[in-house]
Q: 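Let me begin by handing over the structure; questions about it come next.
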Protein chains: 2
Amino acid sequence: MNNRLRVLRAERGWSQQDLAERLEVSRQSVNAIETGRYDPSLPLAFRIAELFGLAIEDVFVSPSKESAS
Amino acid sequence: MNNRLRVLRAERGWSQQDLAERLEVSRQSVNAIETGRYDPSLPLAFRIAELFGLAIEDVFVSPSKESAS
DNA sequence: ACTCGATGTGAAGGAGGCTTTACATGGAAA
DNA sequence: TTTCCATGTAAAGCCTCCTTCACATCGAGT
């Protein structure tokens with residue numbers, strides 16, 4: 001599932017480590033989500049969206065709505 | 001994580017089996033989510049929200065926003 | 001050349017999501 | 001009572017999420 005995490009993080013000037021600490025997960029988890037190696041759990045998706053003040057749908061792209069470029 | 005799945009399902013007169021088929025998961029998965037035994041994956045949460053025409057936030061209650069009754 | 005911060009990734013292990021099979025209970029209907 | 005549907009739950013197995021530890025690469029700065 002695509003997501004805008006890397007962009008949102010960069011807009012704030014945060015490193016993956018910074019973001020990981022705010023989310024209370026490991027840096028590797030942030031990296032894995034950004035690079036698309038796996039999707040976050042639903043509770044973590046909530047924490048991410050709330051941290052950025054967005055709806056989950058504005059951070060993560062529904063598989064059924066991805067454009068084929 | 002609390003959710004409104006049972007109510008939304010009942011509003012439509014669907015059995016757990018009906019809902020499971022529409023979501024393409026097992027009836028046991030629907031039951032487990034309704035009874036709070038576990039949270040769905042993020043992709044499944046998207047399918048659930050889209051099926052009901054709602055935002056994820058309108059189906060699942062963020063852990064940080066649950067009222068203590 | 002050296003260091004240092006940031007990022008990517010691998011391996012191993014624990015917890016959780018999801019499956020199939022299977023069984024139990026309860027309510028409605030006849 | 002018997003039947004039938006809906007629901008709850010257990011067990012075993014597989015895959016995913018998330019962890020820690022570890023190592024590699026790259027760019028900036030000195």
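Just so it is clear, the values below take in all heavy atoms, side chains as well, and ignore hydrogens, waters and symmetry mates. Proteins come first, then strands; the chains are lettered A, B, ... in the order of their sequence lines, and each starts at number 1.
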Q: Quick check: do B:Leu8 and B:Ile48 have side-chain heavy atoms less than 4.5 Å from each other?
A: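 The answer is no; the side chains never approach within 4.5 Å.
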Q: For the pair B:Glu57 (side chain) and A:Ile56 (backbone), establish whether a donor and an acceptor sit closer than 3.5 Å, ignoring hydrogens and angles.
A: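 Present.
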Q: Do A:Leu19 and A:Leu51 come close enough that some side-chain heavy atom pair is under 4.5 Å?
A: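 Of all side-chain heavy-atom pairs linking A:Leu51 with A:Leu19, at least one is under 4.5 Å.
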Q: Between A:Asn3 (side chain only) and A:Ile33 (backbone N and O only), is there a donor and an acceptor less than 3.5 Å apart?
A: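 Yes: the side chain of A:Asn3 pairs with the backbone of A:Ile33.
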Q: So which pairs with a foot in residues 12-36 of chain A pass salt bridge (charged side-chain N to carboxylate O under 4.0 Å, His left out), sequence neighbours left out?
A: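 Every pair satisfying salt bridge (charged side-chain N to carboxylate O under 4.0 Å, His left out) with a residue in residues 12-36 of chain A: A:Arg6-A:Glu34, A:Arg9-A:Glu34.
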Q: Report yes if a side-chain nitrogen or oxygen of A:Asn31 is closer than 4.0 Å to either non-bridging phosphate oxygen (OP1 or OP2) of C:dT7; otherwise report no.
A: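 Negative; the distance criterion is not met.
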Q: Taking side chain to side chain contact (heavy atoms under 4.5 Å, CB included) as the definition, give me every residue that meets it alongside A:Gln28, ordered by chain and number, with sequence neighbours left out.
A: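 For A:Gln28 the side chain to side chain contact (heavy atoms under 4.5 Å, CB included) partners, ignoring immediate neighbours, are A:Ser26.
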Q: Excluding sequence neighbours, so at least two apart, what forms side-chain hydrogen bond (donor to acceptor under 3.5 Å, both in side chains) with A:Asn31?
A: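 With neighbours one apart ignored, the set is A:Gln16.
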Q: Pairs in or reaching into residues 2-56 of chain A: which pass ring-ring contact (aromatic ring centres under 6.0 Å, His included), with residues at least two apart or in two chains?
A: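 Sorted pair list: A:Trp14-A:Phe52.
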Q: Encode nucleotides 10-28 of chain C as B, S and - characters from 5' to 3', where the letter depends on protein heavy atoms closer than 4.0 Å: B to the base, S only to sugar-phosphate, - to neither.
A: S------SBBBBB------
Q: What parts of residues 5-18 of chain A reach DNA chain C, counting only heavy atoms under 4.0 Å away?
A: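 The answer is A:Arg6, A:Arg9, A:Ser15, A:Gln16.
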